[in-house]
Amino acid sequence: MTEANTPLSHEALIEDSWSRCRAFGLTHGSAPSFGQASAGAVSALQDSHHQLVKTTQLEVLPYYRNILANSKCLIMLADNQGQLLQTWGDQRFIDAPYSAGFAPGANWLERGTGTNAIGTALSCGHAVHIQHDEHFLKANRFMTGSASPIFNEQREMVAVLDVSSDSYLPAAHTLGMVKMMSQSVENRLILNLFRERYFQLTFNTSLENLTSPWSGLLVFDEDGFIVSANRRADSLLGVQLTRLSLDKLFDVPLNRLLNQPDGLPFSLRTHGQLRFHARLERPTQPAPIKARDFRPSTATTAAPPSNSETAPGVLTLEAINLGDPRVDKAVRQAERLLEKDIPILVQGETGVGKEVFVKALHHASSRAKQNLVAVNCAAIPAELVESELFGYEKGAFTGASQKGSVGLIRKAHKGTLFLDEVGDMPLRVQARLLRVLQERCVQPLGSSELYPVDIRLISATNRPLRLDVEQQLFRQDLYYRISGLNLELPPLRERSDRQALFQRLWQHHREPHQQAGLSAEVLTLFDQHPWPGNLRQLSSVMQIALAMADEQAIQAEHLPDDFFADLPPQPSNLTPRQITPTDSSDSDDLAALWAASDGNVSELARQLGVSRNTLYKRLREQGLK
């Protein structure tokens, strides 16, 4: 769920909400339905939002003690599905029949509970105040409340903060307070995620408000590239800050900005002559200075050599974290759990680098010298999964080895067990795996003996496991057992660090004598490509291009033909006419056709009846490209 558009008027907002409630089949006399979550589901829900709850409770609420001082005021935090994560304050104003609605796990979506502060804020994407008689269900009209959404660094709605009471709450005051609290949570989430490695710039129109939650917040790297920003920064500057650099915003050179004393206010002016008071904070753990490569090169885009590999074919977490906020978030969260006995579930499309990510995690942990055992649950025939995972005694079944097998789980003892494509595991095997994870013991097929195992569990899937659970294709209890921390790796087409990735993959696959790098033309084509195969496809294309280019800079003609098949079509200025391949033999004709095509290589190659690579070569031979 992402940030919504301009809010409706309050009257229109309530009217729209009541219309939705009627469409859901609710009446004013309907009883609220808060859902029924098991203890295990509630525990897993709270674990998955542990950082959000901890940040709210320890870093934000202490500054708003005056709200909690009201004994009949309750603060509630819910996730973006309307499920309560935690409450603070006094619940004595809540009658016993409704107490279930104020316990962790209760669901406050409008579908089950009608118009209410939490559910309606989720539906409209804005802060709302719901008075007693504005609740659609009469059963909820004993209370009034204000709620405001919380957005993460990707501007995705991740939670809602609510203040409710059975007393009259002045709308303007309470709504303003809950907005400020939610903004405080957003700011802390951004700072906690980025402050170790990036600079933070706080700014506001007055010096007195520089430390308030309503200050703008920009997080940027040493090159001035904005990594993240709060919504207030957008509002103060009047621009969308995604992918901007500081030199596009302010009239102060980056080196002078970086030389500002830590934490001391200074004046700042935008190119549009807006004036602000600002404060700079440096990273708490700045990246180490790396030696630069001064070797001459014929291509300006060549990347310096990397010393980030810990073993052949294994990249460190630092090496795969190249600046994309979503990847950075996944890395930082996973790092915090490196030595914790909390399972990790990595989700993402096929080819996004889940296995590379898991290898980096394993080699960054204290288990790095032990085995990392990777099991592709989709590749092992269903009838062999049990024997492969759990092992077997000799003669346990027809065709079994006479020596028996210890199984992959026991091979991972003291190390890491990586269950790739875990969603494809047969249901009967899921039951046995659940027992292993609960008891930390393995019983091989055909044996009565139990073998203790000490494993770190990491799973990965490209399937919507929650939907599989609902459809009873995956065990709910196993899902909550393997998904202690859910991480999602973004597809290549959505990553903001693509240019750095292209250079990293070139560096990773090149031979020592290949120094020329990637041409600007190829980098542009790479950036335009949708990459349906993600990093796996990019790696394959890069290896082919390097083999074709040898010591030259990689040009378009070095790319495989199927790379061009996925490129999005571009508008063409060519007029419909029949052109034969021989038309390109004359350089004047080709120059005219190239000019008429407005640079649309795909369309011109199609009309000439040649491949894109052939056309690229002819254009280059004649100095047209």
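Worth knowing before you read on, the calculation uses all heavy atoms, side chains too, and leaves out hydrogens, waters and symmetry mates. Given the structure is predicted, the values throughout are model-derived calculations rather than measurements.
Side chain of Gln260 to backbone of Leu257: no donor-acceptor contact under 3.5 angstrom is found. A side-chain donor-acceptor contact under 3.5 Å links Asp262 to the backbone of Arg282. For Arg504 (side chain) and Ala319 (main-chain N/O), a donor-acceptor pair under 3.5 Å exists by modelled atom type. Formation of a donor-acceptor pair under 3.5 Å by the Asn152 side chain with backbone atoms of Arg155 is found in this model. Without hydrogens or angle criteria, Ser182 side chain to Ser148 main chain gives no donor-acceptor distance under 3.5 Å.
Looking at Ile344 and Leu457, their side chains never come closer than 4.5 Å, going by heavy atoms from C-beta outward. A 4.5 Å side-chain heavy-atom check between Leu236 and Phe276 finds at least one atom pair inside the cut-off. Side chains of Val158 and Phe151 form no contact here, defined as non-hydrogen atoms less than 4.5 Å apart. Counting heavy atoms from C-beta on, the side chains of Asp341 and Arg440 come closer than 4.5 Å. Between Leu161 and Ile75, some side-chain heavy-atom pair lies under the 4.5 Å cut-off. Residues Leu264 and Leu280 have side chains not in contact (no heavy-atom distance under 4.5 Å, counting atoms from C-beta outward). Using a 4.5 Å cut-off on side-chain heavy atoms (C-beta onward), Leu345 and Leu487 make no contact. Looking only at side-chain heavy atoms (C-beta outward), Leu52 and Gln46 stay at 4.5 Å or farther from each other.
Phe418 pairs by the ring pair (Phe, Tyr, Trp, His ring centres under 6.0 Å) definition with nothing, not counting sequence neighbours. Applying the side-chain hydrogen bond (donor to acceptor under 3.5 Å, both in side chains) criterion to His50, with sequence neighbours excluded, gives no partner residue. Every residue was checked against the ring pair (Phe, Tyr, Trp, His ring centres under 6.0 Å) condition with Tyr479, not counting sequence neighbours, and none meets it. Residues satisfying the ring pair (Phe, Tyr, Trp, His ring centres under 6.0 Å) criterion with Phe474, sequence neighbours excluded, are absent altogether.
Residues Asn116 and Asn140 have side chains that never bring a donor and an acceptor to within less than 3.5 angstrom of each other. Judged purely by distance below 3.5 Å, without hydrogens or angles, the side chains of Thr174 and Ser146 never pair a donor atom with an acceptor atom. Side-chain contact check for Ser184 and Asn187: no donor-acceptor pair (N or O, by modelled atom type) lies under 3.5 Å. A donor-acceptor contact under 3.5 angstrom links the side chains of Asn534 and Glu349, judged on distance only. Inspection of the Gln183 and Trp214 side chains reveals no N or O donor paired with an N or O acceptor under 3.5 Å. Ser366 and Glu339 are linked by a side-chain donor-acceptor pair at a separation below 3.5 angstrom, with hydrogens and angles left out of the test. Side-chain contact check for Glu156 and Asn80: no donor-acceptor pair (N or O, by modelled atom type) lies under 3.5 Å. Under the 3.5 Å distance criterion, with hydrogens and angles disregarded, a donor-acceptor pair is assigned to the side chains of Ser496 and Asp324. A donor-acceptor pair shorter than 3.5 Å cannot be found between the side chains of His362 and Gln370. For the residue pair Ser212 and Asn209, no side-chain donor N or O sits within less than 3.5 Å of a side-chain acceptor on the partner. Donor-acceptor pairing under 3.5 Å is lacking for the side chains of His132 and Thr144.
Using a 4.0 Å cut-off between charged nitrogen and carboxylate oxygen, Glu494 and Arg326 count as a salt-bridge pair.
Scanning both residues, Gln86 and Pro104, for their nearest heavy atoms gives OE1-CG, 4.4 Å. For the pair Asp454 and Arg367, the tightest heavy-atom approach, listed with the atom from each and the gap, is OD1-NH2, 2.9 Å. In plain terms, the two heavy atoms of Cys124 and Leu13 that are nearest each other are SG-CD1, 3.8 Å. Nearest heavy-atom pair, Leu434 versus Arg481, reported as atom, atom and distance to 0.1 Å: CD1-CB, 4.0 Å. Closest approach of Val453 to Cys441, counting heavy atoms only: CG2-N, 4.1 Å. In terms of heavy atoms, Phe357 sits closest to Ile320 at CD1-CD1, 3.7 Å.
Here the straight-line distance linking atom OG of Ser38 with atom CG of Asp477 works out to 9.5 Å at 0.5 Å rounding. One finds the CD1 atom of Ile118 at 12.0 Å from the OG atom of Ser123 (value rounded to the nearest 0.5 Å). Interatomic distance, OG of Ser17 versus NE2 of His135, reported as 9.5 Å (0.5 Å rounding). Residue Leu74 holds its CG atom at 7.0 Å from CZ of Phe102, rounded to the nearest 0.5 Å. Within the model, atoms CD of Gln200 and CG of Leu217 stand 7.5 Å from one another, a figure rounded to the nearest 0.5 Å. Rounded to the nearest 0.5 Å, atoms CG (Leu84) and CG (Leu45) are 9.0 Å apart.
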Starting from the C-alpha separation in whole Å, work towards a yes-or-no answer on side-chain contact (heavy atoms from CB on, under 4.5 Å) for Leu122 and Met157.
CA-CA 8 Å; Leu122 281 171; Met157 193 190 303; 3.5 Å; yes
Going through the checks in order, is the side-chain hydrogen bond (donor to acceptor under 3.5 Å, both in side chains) test met by Asn192 and Glu59?
CA-CA 11 Å; Asn192 291 342; Glu59 300 183 45; 3.1 Å; yes
Start with the C-alpha distance between Thr416 and Asn371, add both sets of side-chain angles, then the distance that settles side-chain contact (heavy atoms from CB on, under 4.5 Å), and finish with yes or no.
CA-CA 6 Å; Thr416 302; Asn371 288 337; over 6 Å; no
Please report the C-alpha distance between Arg197 and Asn321 in whole Å, then the side-chain angles of each, then the deciding distance to 0.1 Å, and finally whether the side-chain contact (heavy atoms from CB on, under 4.5 Å) criterion is met.
CA-CA 11 Å; Arg197 299 183 60 226; Asn321 187 9; 3.1 Å; yes
Please step through side-chain contact (heavy atoms from CB on, under 4.5 Å) for the pair Asn107 and Thr113, ending with a clear verdict.
CA-CA 8 Å; Asn107 195 299; Thr113 54; over 6 Å; no
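Test Leu467, Asp468, Asp424 against Leu473 for side-chain contact (heavy atoms from CB on, under 4.5 Å) and you get one pass: Asp468. Of the options Phe225, Phe194, Phe199, Tyr198, a ring pair (Phe, Tyr, Trp, His ring centres under 6.0 Å) to Phe220 is made by Phe199 and by none of the others. Ser459 pairs in a side-chain contact (heavy atoms from CB on, under 4.5 Å) with only one of the listed residues (Leu419, Leu417, Val358), which is Leu419.
The salt bridge (charged side-chain N to carboxylate O under 4.0 Å, His left out) pairs that include a residue from residues 108-117 are Arg20-Glu110, where partners are two or more places apart or lie in different chains. Applying the salt bridge (charged side-chain N to carboxylate O under 4.0 Å, His left out) test to pairs two or more places apart or on separate chains, none has a residue in residues 39-54.
The aromatic rings of Trp108 and Phe34 lie tilted to each other, with the angle between the two planes from 30° to 60°. The aromatic rings of Phe250 and Phe203 sit perpendicular, their planes meeting at an angle over 60°, well past the 30° parallel limit.
Residue-environment remark: CD (Gln471) exceeds the threshold of 12 foreign heavy atoms within 6.0 Å.
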